[in-house]
Each structure stands twice: as structure tokens, then as C-alpha cells.
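Data first, discussion second: the structure below is written as C-alpha cells.
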Amino acid sequence: MTDKPEYILAAVAWPYSSSEIHVGNITGSYLPADIFTRYHRLKGNHVLMVSGSDAHGTPITVKSDAEGIPPVDVYKRYHAGFLELFQKLGLSYDLFTSTHTENHTKVAQTIFLALKENGYLYTETQSQWFSETEGRFLPDRYVEGTCYICGYEDARGDQCDNCGSLLDANELLNPRSKTDGSTPTLKETEHFFLDLGKLEPHVVEFLEEREDYIRSNVLRQSLGQIKANPLHGRPITRDLDWGIPVPVEGWEDKCLYVWFEAVIGYLSASIEWSALSGDKDAWHNWWYNPDARGYYFIGKDNIPFHAVMWPAELYGVGEWFGKLYDNTEGKKLTLPYDVPANEFMNMQDQKLSGSRGWAVWGLDFLTRYQPDALRFYLTINMPETKDSNWDWDEFVTRNNTQLVGTWGNLANRVLSFAHKHWEGHIPTPGELTAEDKAILKTVEEGFEGVGDLLETVRLRAALLAALELASEVNKYLDEMAPWSAVKVDKERAGTIVFTALQCIDYLKVIFAPFVPHSCEQLHTYFGYDTPLFGNQYTQPVSDAQGEHIALRYQPEETGGKWVPQRLEAGKAFQKPSPLYEKLDPKVAEEERARLG
RNA sequence: GGCGAGGUAGCUCAAUCGGCAGAGCAACGGACUCAUAAGCCGUGGGUUGAGGGUUCAAGUCCCUCCCUCGCCA
């Protein structure tokens, strides 16, 4: 670790704006990104956390067709819900935008053109189902028919629900359009392909350079896959009218394929953030800077797109993006540094499923519980190395024993005791004993210990380490028993209480990336004027494509620092209230009844 | 079918290069009273999915099989 601030990009998965966000989505990518980002803000690094709603793609058009409303309305409805959830949960994006913006359109089209100039695109003709009645090509999931493997009559275009086989839509027997039941015909259509075969050596090099620290699940899913099955060209355009138009004459009625286009959002959102922040070239610090580190927080289903496709796109544009976009010569876009993908979270021992209602929804959860309770449970149970399981009994138990009991109660018991016996002022310590010095040292070293774990994105272990520190302070208190000392030697009791308060003031910072709302509250109890973190707010942004609401973060005037800061003796502080709510075990049963 | 991840105490998970299988929760016992009946001390709890192999030594390495999950075809 150096003293010089580093440039860190926290690139967070883009939710499809066609369904609500559940706890699996949150623990998979959004929450780990926020914890990581908050840590780096406290460290004083230049961290940029960006994402947005994926407004294009078939999930949105399917919903749009089903409800008979325009795709843009579908996107806007869910996007609004995302913004509300992220603010309530404290997911502090520097910018959460959308792919349906003029800026993103321009950036995505430029990436396309840069790849084309650099010789990594080619065209090929393929056949696809075409609906004469609707006058359009049908995406795979718009076609149903008879499975050519098992004979099941209601097979979907891409998969048979009866025999489980993934299907080649063009081979379906008795095909019919899902929208009007008419019989489609196969028609030839030309598409652009990304030449992944030609890019493969560079992708392999990219992965091998990072072999030492990229999680093994990510590495094997990408590098292992490539070594077994070499990469081949993949179409990046589609016959759709909802999306980013292909920027080539004669191709205006086709769109960029969403797998190709959505990942470009990390770059376009950084550019939009720069424009909104008043320094339109600020994004160069992260994207034209080989020392900047980009961390891509995603779920395991997205690994190939972030560890293979996106690096391939970035490598493939070479210096052409800068040339075409802002007349920059000799600059290459920075490749990802790490892809800390999480596995999945199950729900009460079953696969979590949004469409079946077998899920806990973020906004619904927050109507009954505190945001930090959710952040805590999702972090302590985060699926970092393997699938984890949401269990309501466990949620209540962990909340009550670890969050409330070990940490919340520690803060409450010491502040209450101190407030009662020293009239609302931090006691002035006498000479420190060996025990006092030892506990201070233990907690001070936590900044480095917990920090190292956060640095390497082992968030679950980091939170456990923080809890262990709180437990150490509880032990110290029990051994020192200031409630006995105060009756015979108030100066000694004051020294003990000062030491404990100092530890809690440290721990407030160490816990802050995980449970920021309560730590901010504790920070005010201690009587500080400037908050630990900045504010989140929304802002309407207008452009040629209409208006979108952006979620932003205002970082100015914050007092949080990831270093031990000396507590001022004699300073006034507030009488505390409990930081966390203890839960009645019977809520677990009520919550289970809500599922499904 | 190809690639991959996982299977460890009742539950949730650790275990660096192969070196006496550990935590938290739950259970049980104890002392304490500042605190949200929280916290602290102590006890019990294991055929590491199954079988085989390598080794002085295997949760870890090799082979076969079983189960769960993901991506791809």
C-alpha cells in the first residue's frame, strides 16, 4: 500500500430493468461493490463506482409485449425502483445511469466502429425465423415449437423445458410465433461478428497475467473454458428495433446485441459521470491509465462476459477508441484488474427464483427491517467461494447475536455508562496500563488486518475480523470491570472507559463500509460535525434520447478516514440509543410464509 | 455432452506448501451486572459425500463413483 491515492474503478453489474431486485442480486454484486467502494473512499483513494439499468435486451421487450406498453416505459418503471432501493440501502454509486442514453449510444457505437477499424469485425449471413404477419425477425425466445430431441410440443426456441436440452432454434419442428401463433419462415439475414478467434491469444494473455490473484472460480470458468473450447466469432448485431442502432450505412434497422453493448456501459457511465461532474475528461484517469485498477463486481452467470468478452472488446479497439471518440492519440483503454464474481444465494435451501416469487425483495424487506441488518446478513453470508443460503432463522439469530449483541451492544453499553458517570463528556484518561495499551494496539492493527482483507475483496472474512475485534473489546471490558472500578477509583474507571470509547471510535470506521447507516449514527453520538460519508441524490438528465434519472453521490466534506484517529478527551457526546433493532424469533416463521 | 464450482460438527462456514480438523451460531454448565436478558468464562459435539491409490503423514495430491449448482454446446 502506498500513500499516493490510487485510481480504482468499481464496475458493478447492470440489472435488467425488467424485474425487481432481490437479495440474491444484492449480495451477488451490488453490495460487495459498495463495501469495497466505501473502504477505498475512507482510504482516500479516487474510487469511481458506476453502473446503470440495462434498458435493452429481450427481457425488456418480452415484458413490453406482454403488457402492451413501450419498452421504454418498462425500463423506466423498474429503473425508478432501483434508485429507491439503492438510496435506502446505501449503495453509493457515483453514478447509476442507464444504457438508454445518448451518451451510451455514442460510446457503444464508437466501440463498434473502433473494432471495425482495427480489423476485429466481419460479417456473415445466417438464417433466422421471420414472422410475415409481424414483419420482423423473431428472437429465439419468441419462437416455440416441437422439440426435435424429445418431441415435446411446447419447447422454447432456445431450450426444451421437458428434456432440458438447449436447442438450436432453427431446427425446431412446427415453429410458431409466441406473440401471435403464426408460422414463421427461415429467412437469411446478415450480421456483424466479433472475431473472438483472432482475439483469443490476447484474452489468454490477459487472464494468465492475472492468474495469481483472480479467484479460481473465475479463472477456470474463463481460461479453462477457452483452453478446452477455443473461441470463435460471435454475432454482435441483431434484427431488433429496441436497442443501439448499428452505426453503419444500410444497417440502421439492426441493433447491437445486448451482450456486446451492455458491458460498454462501464465506460460510458464513467464518461457520463465526468460530464456531470464538470470535468469532461476526468474518466481518462481510470480508462487511459494503465495503473488504474478496475474491479468488476458480478454474479457467476456473467463471468464469460466480463473475463473474456469485455477484455476482448477492450483489447480489440486498440488505440482506435481514443482516435474516434475524442481525438486522443496513442491511448489504449485499461483492461479489468480483477473480476471478483460471486456465486449464487439460495433461498431456504431451494434455488432462488424471482419469477416464481421464491425470493426476498429488497424494497419489500426494507419496509420491515433496517438496511444495515440486511447488509450485515448478506455480507456475513456472502457467496464468495460457493453458493450460500438465505435462511430466515439464521437471519434473526445472526442479527440478534452478532450485530446487536457483539457490536451494537458494545457501543451502547460503553457510551451509556460513560454518559451516566461522566456527565456526557469523554473521560480524561490517567496513565495507561499494559492491558489498556494492548487492546488499543489490537484494534489499531485492525485497520491493516481488515483493510488487507477488503483490499483483496474477501469481504466476508473482513467482517468476521471486525466482529472479532469487537469481541476483544467486550473481553477487555469484562476483565477491567469499570462498573466496579467506578465505585472505588474513578480515575482508573475513566481510563478504562476512555480506552473502550477510543476502541469503539476506531471500530466505527472499520465497520463503516459494511454497515454505514449505523456507523454514521454512532459518529454523531460521538459528537462529530462532518459525516463519515457523502450523500446520495437523484438528478434528471436530459439528452436527445429523452430524460433519465441518475443516482449520484456527493463526496464533499466527509470526515471518515481509514486510520486510527485520536479521540479527544473531555469532548461532549450524546446520550446513545441502541444502534440496531433486536428481532423477535417469530418473524422468521412469518417471513417464510410470505415466500412462494 | 464439454468446462468449472461446491459437498467438512445439529446449522453457516474456515483450514497458506500435504504436517495434531478450527470458528461463529445452536445445546449444556458457571461467574458477573455497564449494556438491547446483551457481554464474559467453560463443556460436549467429526468415518471431512462414497470407495480405492500415492505418502512417514491426505479435508488437501491421483483415480472411480454419487449429489447440488453455474456457464457453454
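Numbers restart at 1 for each chain; the letters A, B, ... are given by sequence-line order, proteins then strands. Treat the numbers as computed from the prediction; the structure is a model and nothing was measured.
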Span that lies between the [atom1] atom of [M] and that of [N], in whole angstrom:
N     : M     : atom1 : answer
B:G39 : B:C32 : C1'   : 10 Å
B:A21 : B:A14 : C1'   : 10 Å
B:G18 : B:A58 : C1'   : 6 Å
B:U12 : B:G45 : C1'   : 16 Å
B:A9  : B:G49 : C1'   : 15 Å

Considering only B:U12, B:A5, B:C71, which nucleotide approaches the side chain of A:Asp301 most closely?
->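 That would be B:C71.
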If you check every side-chain atom of A:Thr397, which of B:A26, B:C32, B:G70 has the closest atom?
->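 Nearest listed nucleotide: B:A26.
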Under 3.5 Å, is there a donor-acceptor pair linking the side chains of [X] and [Y]?
X        : Y        : result
A:Tyr315 : A:His202 : yes
A:Tyr257 : A:Thr237 : no
A:Tyr377 : A:Trp390 : no

What is the distance, rounded to the nearest whole Å, between atom [atom1] of [X] and atom [atom2] of [N]?
X        : N     : atom1 : atom2 : value
A:Glu384 : B:A5  : CD    : P     : 17 Å
A:Leu477 : B:C32 : CG    : P     : 18 Å
A:Met309 : B:C71 : CE    : P     : 13 Å
A:Ile298 : B:C71 : CD1   : P     : 12 Å
A:Asn302 : B:G70 : CG    : P     : 14 Å
A:Leu378 : B:U12 : CG    : P     : 17 Å
A:Leu467 : B:C25 : CG    : C1'   : 12 Å
A:Asn389 : B:C69 : CG    : P     : 13 Å

At under 4.0 Å between heavy atoms, what does A:Ser388 touch on the DNA or RNA strands: base, sugar-phosphate, or nothing?
->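 Touches sugar-phosphate only.
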Under a 3.5 Å cut-off for both distances, is [N] Watson-Crick or wobble paired, and to whom?
N     : result
B:A50 : B:U64
B:A14 : none
B:A27 : B:U43
B:A9  : none
B:C69 : B:G4

Once each nucleotide of nucleotides 36-41 of chain B is scored for protein heavy atoms under 4.0 Å, what B/S/- sequence comes out, 5' to 3'?
-> B-SBSS
Is there a donor-acceptor pair closer than 3.5 Å between any side-chain N or O of A:Asn174 and the backbone N or O of A:Gly145?
->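 Here the side-chain-to-backbone pair does not exist.
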For A:Pro304 and for A:Asp391, find the nucleotide of RNA chain B with the closest heavy atom, then tell me which residue's nucleotide is more 5'.
->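 Its nearest nucleotide being more 5', the pick is A:Asp391.
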Less than 6.0 angstrom from the centroid, inside 45 degrees of the normal: does [X] satisfy that with respect to the ring of [Y]?
X        : Y        : result
A:Lys490 : A:Trp422 : yes
A:Arg234 : A:Trp259 : yes
A:Lys571 : A:Tyr528 : yes

So among A:Tyr296, A:Tyr295, A:Phe206, which one has a ring-ring contact (aromatic ring centres under 6.0 Å, His included) with A:Tyr337?
->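 Filter result, single survivor: A:Tyr295.
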Any ion pair linking A:Arg460 and A:Glu384 (charged N to carboxylate O, less than 4.0 Å)?
->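 Salt bridge: no.
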Between A:Phe417 and B:C34, do the rings stack, that is, sit under 5.5 Å apart with planes less than 30° off each other?
->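 No; by the centre-distance and plane-angle rule, A:Phe417 does not count as stacking on B:C34.
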Does B:C11 sit syn or anti, given that only angles within 90° of 0 count as syn?
->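 B:C11: anti.
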